[in-house]
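Whatever order the structure lists them in is the order used to number ligands and atoms, beginning at 1. As the structure is a prediction and not an experimental result, all values here were calculated from the model.
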Amino acid sequence: MSLFTNSAKDSPPSLGPSPAVSPSPSPSPRPNALLTTKTLKNTILKSHGRPPWYGEDGQPISQAFVVGIAGGSSSGKTHVARQIVRSLGSIPTVIIMSQDSFYKPHTPEEIKLAFASRFDFDHPDSIDMDLFASCLADLKNLRQTNIPVYSFESHQRLEETKYLYGATIIITEGIMALHDPKLRELYDLKIFVQCDSDFMLARRITRDIKERGRSVEGILEQYLRYVKPSYDNFVGPSSRYADIIVPGKDNSVAIELISTHIRRQLEKRSRHFRRKMTVSLQRSLSRGPPRPLTNEELGLTVLDQSPQLKGIYTVLRDVTTTRQDFIFFVDRLATVLVEKAMEMLPYRDKTIETPVGVKTIGKTIDTESVCGVTILRSGGPLERGLQRVINDVPIGSLLVQSDSKTGEPILLHVMLPVCIRDRRRAENAWVFLLDAQIGTGASAFMAIRILLDHGVPPSHIIFITFLIARSGGIAHLRRTFPEVTIVTGAVDDGLHEAWVEEKEEERGPDWEDEGGRKVWVVEPGMGQIDKGIHKHLLTSWVFWDLVMIITSSLVLRAHATIETA
Ligand SMILES: Nc1ncnc2c1ncn2[C@@H]1O[C@H](COP(=O)(O)OP(=O)(O)O)[C@@H](O)[C@H]1O
Ligand SMILES: Nc1ccn([C@@H]2O[C@H](COP(=O)(O)O)[C@@H](O)[C@H]2O)c(=O)n1
């Protein structure tokens, strides 16, 4: 999804003090227009949300579906990839990844030769197959990856990389896409685009002049010297590995067949998940555990239940509390919870000198980076608490919503701080995961899984929440991720499913004609409840979350437009 890509050089999300300046999902400015064109070609993404990719045990249950498309230069590989995405219609996230991104870095001498059309870019050795295969394997295994960015204008790999995460389908295309056995092993479907050589040359001349700043003479020289021989020796022969040969023009029937095949494969996988997880989670919730587990058994870190803390919760639970008071007390509670969570970070000794010249040993946080990740839609107040306690803390966000029909949590938006977009850095980072409450645990489950996919160790994840439902998904969450620390101020006993009556004008997109909106309600719960809706949450925090959702969908639409242009 466009929401799952960002250059690793992106500036960290905004750190301002209010949700009005929450991390923006809009892509960072790019260096130049030509690069933008190329970048879009290399990684076109589209999403309608991503269902869970893990089972009850928190482990991935299926891999992403990978399609490899090979064919001569300008045979129509990119075109076929885009047409498949278009034909798939409303499907989860797709990444189109081009082999062009993996040209090896060139020496200054090689670049000189390239500008004189005397460098062989068509030999398999010109491509970093190992890096290509390892990035593809990461994506296939549902981990994030950072791919190189290549410039055809300067014949060089650029300093920046592109962050990719979250695809259910990966379509990779390139002249050598079927040449290397390491790559072939990763594909679930292998396609070869067969095109008449006159067509390919004519298309290449047009494209290289328009998009790659080349001259006709240079193009022809390069074509005769390298491109044609390489096609005869490497590209054409690799067609024998293809499952399907697609013509380079008038290929709509073949594309329809391919997308039907992919859709069927995805359907099989999603049924697999529903059987394995959603049903059993719902069943165990409706039955409830044999006896309520204690906080100790649940392994929770619960704030000391002092009269003062109980006083704060009393205000937050009271239906007569004013909006102003609610926001004030919720902010206060957020700070107390974050302060408690700060105790879980590693600290080391630090010797300092005081203003009176005395040396003394104190403590400082002992980690490379600390960041926050808010689970939209209700982690907002905790975000403000974190910003109050750690100055300039980078904060990202995730948007997870339950599918009103299947009950599955759907991942709609990912915007992680820079320090956890790269695996090596993520392994040393500590993350505060923020959400207002844990009811069924579905959002928490998915959010933790996302952090693990990025390489954050489970013991470095500190989940902070105002409220937990004892009879909800918390026991399952603890069993699955025992190393994750969970800090809360209160644990309530009840959790039940309820139908919310809404006025006609309040009905959202997931309204169901038969009886309204299904929600899980924690009891006694907090937040003023008005006809089953957490009024304060809706009026104060959710406004900003809605801004995020709308912005996200605009970005999505922008990408869909690019893809179909
Ligand atoms: N089936 C097709 N019908 C019409 N034009 C096509 C078709 N396939 C490719 N083209 C055009 O040919 C050019 C090269 O196609 P592209 O998909 O970029 O090639 P490749 O990725 O194989 O280098 C583009 O301008 C594209 O629009
Ligand atoms: N600096 C470069 C790198 C590669 N090429 C040519 O690109 C062709 C592959 O890309 P397609 O999109 O056409 O598949 C390949 O034939 C290289 O000759 C280049 O011209 N300059």
Side-chain angles (χ1 to χ4, degrees), residues 34-35 37-38 40-42 44 68-87 96-107 110-128 148-158 171-179 191-216 218-236 238 246-256 258 563-565:
L34 281 172
L35 180 60
T37 313
K38 193 62 217 162
L40 293 173
K41 183 196 168 195
N42 282 343
I44 299 163
I69 307 179
S73 172
S74 293
S75 58
K77 302 179 293 295
T78 312
H79 185 83
V80 166
R82 291 177 183 201
Q83 291 304 108
I84 292 172
V85 175
R86 181 184 288 178
S87 164
I96 299 181
M97 190 163 82
S98 176
Q99 195 171 48
D100 300 344
S101 307
F102 296 90
Y103 278 111
K104 288 177 182 164
H106 310 303
T107 61
E110 288 171 341
I111 294 175
K112 244 189 228 161
L113 288 173
F115 276 108
S117 307
R118 291 292 176 112
F119 187 81
D120 187 358
F121 289 106
D122 291 72
H123 192 276
D125 288 350
S126 64
I127 292 160
D128 190 340
V149 178
Y150 186 79
S151 163
F152 281 94
E153 296 76 41
S154 57
H155 298 286
Q156 189 56 291
R157 185 184 284 185
L158 304 180
I171 304 178
T172 177
E173 60 81 23
I175 54 172
M176 298 294 164
L178 294 185
H179 174 80
I191 297 173
F192 189 87
V193 183
Q194 189 92 59
C195 191
D196 182 273
S197 57
D198 292 346
F199 258 115
M200 291 197 279
L201 179 56
R203 285 171 175 177
R204 183 166 166 131
I205 292 171
T206 315
R207 183 203 57 197
D208 282 7
I209 290 172
K210 245 203 255 167
E211 293 175 20
R212 298 184 183 174
R214 309 286 168 87
S215 68
V216 178
I219 295 167
L220 291 178
E221 169 144 16
Q222 191 187 353
Y223 183 81
L224 294 173
R225 195 182 284 272
Y226 306 115
V227 182
K228 178 85 171 73
S230 164
Y231 185 86
D232 295 339
N233 292 329
F234 305 111
V235 184
S238 74
V246 174
K249 64 184 184 72
D250 303 329
N251 45 23
S252 51
V253 175
I255 283 162
E256 197 44 53
I258 292 167
E563 179 266 317
T564 52

To the closest 0.5 Å, what do you measure between CD (Gln99) and OG (Ser126)?
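Result: 8.5 Å between the selected atoms.
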
For ligand 1, is any non-hydrogen atom under 4.0 Å from Lys77's backbone (N, CA, C, O), its side chain (CB onward), both, or neither?
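The part of Lys77 near ligand 1 is both the backbone and the side chain.
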
Could you tell me whether Val193 approaches ligand 1 through its side chain, its backbone, both or neither, with non-hydrogen atoms closer than 4.0 Å?
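The answer is neither; Val193 stays 4.0 Å or more away.
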
Is His179 close to Val235 at the side-chain level, that is, under 4.5 Å between some pair of heavy atoms?
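No, side chains not in contact.
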
Looking at ligand 1, is there an atom of it that comes within less than 4.0 Å of some heavy atom belonging to Ser75?
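Judged by the 4.0 Å heavy-atom criterion, Ser75 does count as contacting ligand 1.
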
Nearest candidate to [atom], where distance is taken over non-hydrogen atoms, out of [options]:
atom                    : options                        : value
atom 6 (C) of ligand 2  : Arg204, Glu153, His106, Arg207 : Arg204
atom 15 (O) of ligand 1 : Gly71, Pro247, Gly76           : Gly76
atom 10 (O) of ligand 2 : Asp100, Asp122, Asp208         : Asp100

Proximal ligand 2 atoms for [X], defined as those under 4.0 Å from one of its heavy atoms:
X      : result
Lys77  : 14 (O)
Ser74  : 13 (O)
Gln222 : 18 (O), 19 (C), 20 (O)
Tyr150 : 1 (N), 2 (C), 3 (C)
Tyr103 : 3 (C), 4 (C), 7 (O), 8 (C), 9 (C), 15 (C), 17 (C)

Which heavy atom in [X] sits nearest to a heavy atom in [Y], and how many Å separate them?
X      : Y      : result
Gly248 : Val193 : CA-CG1, 3.7 Å
Gly72  : Met200 : CA-SD, 3.8 Å
Leu178 : Ile191 : CD1-O, 3.8 Å

Can you sort out which atoms of ligand 1 are near [X], meaning under 4.0 Å from one of its heavy atoms?
X      : result
Lys249 : 1 (N)
Gly72  : 22 (O)
Gly248 : 1 (N), 2 (C), 7 (C), 8 (N)

Proximity of Tyr226 and His123 rings by center, below 6.0 Å:
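Not under 6.0 Å, so no.
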
Taking the six-membered ring for Trp, are the ring centroids of His155 and Tyr150 within less than 6.0 Å of each other?
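No, they do not, as the ring centres are separated by 6.0 Å or more.
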
Between Ser154 and Gln156, a side-chain donor and acceptor under 3.5 Å:
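The answer is no; no qualifying pair exists.
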
Does a donor on one side chain and an acceptor on the other come within less than 3.5 Å for Glu173 and Ser98?
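Their side chains do contain a donor-acceptor pair, which is all the 3.5 Å distance test asks for.
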
Does at least one non-hydrogen atom of Glu173 fall below 4.0 angstrom from an atom of ligand 2?
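For ligand 2, residue contact (heavy atoms, under 4.0 Å) with Glu173 is absent.
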
Any N or O of Ser73 closer than 3.5 Å to N or O of ligand 1
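No, there is no polar N/O contact under 3.5 Å.
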
Does any N or O of ligand 1 fall below 3.5 Å from an N or O anywhere on Arg207, backbone included?
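Yes; at least one N/O pair falls below 3.5 Å.
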
Salt bridge (charged side-chain N to carboxylate O under 4.0 Å, His left out) contacts touching residues 194-205 (sequence neighbours left out):
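Listed once each, the pairs are Arg204-Asp208.
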
Lys228, Arg118, Arg214 screened by salt bridge (Lys or Arg N to Asp or Glu O under 4.0 Å) with Glu221, the one that passes
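Of Lys228, Arg118, Arg214, salt bridge (Lys or Arg N to Asp or Glu O under 4.0 Å) with Glu221 is met by Arg118 alone.
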
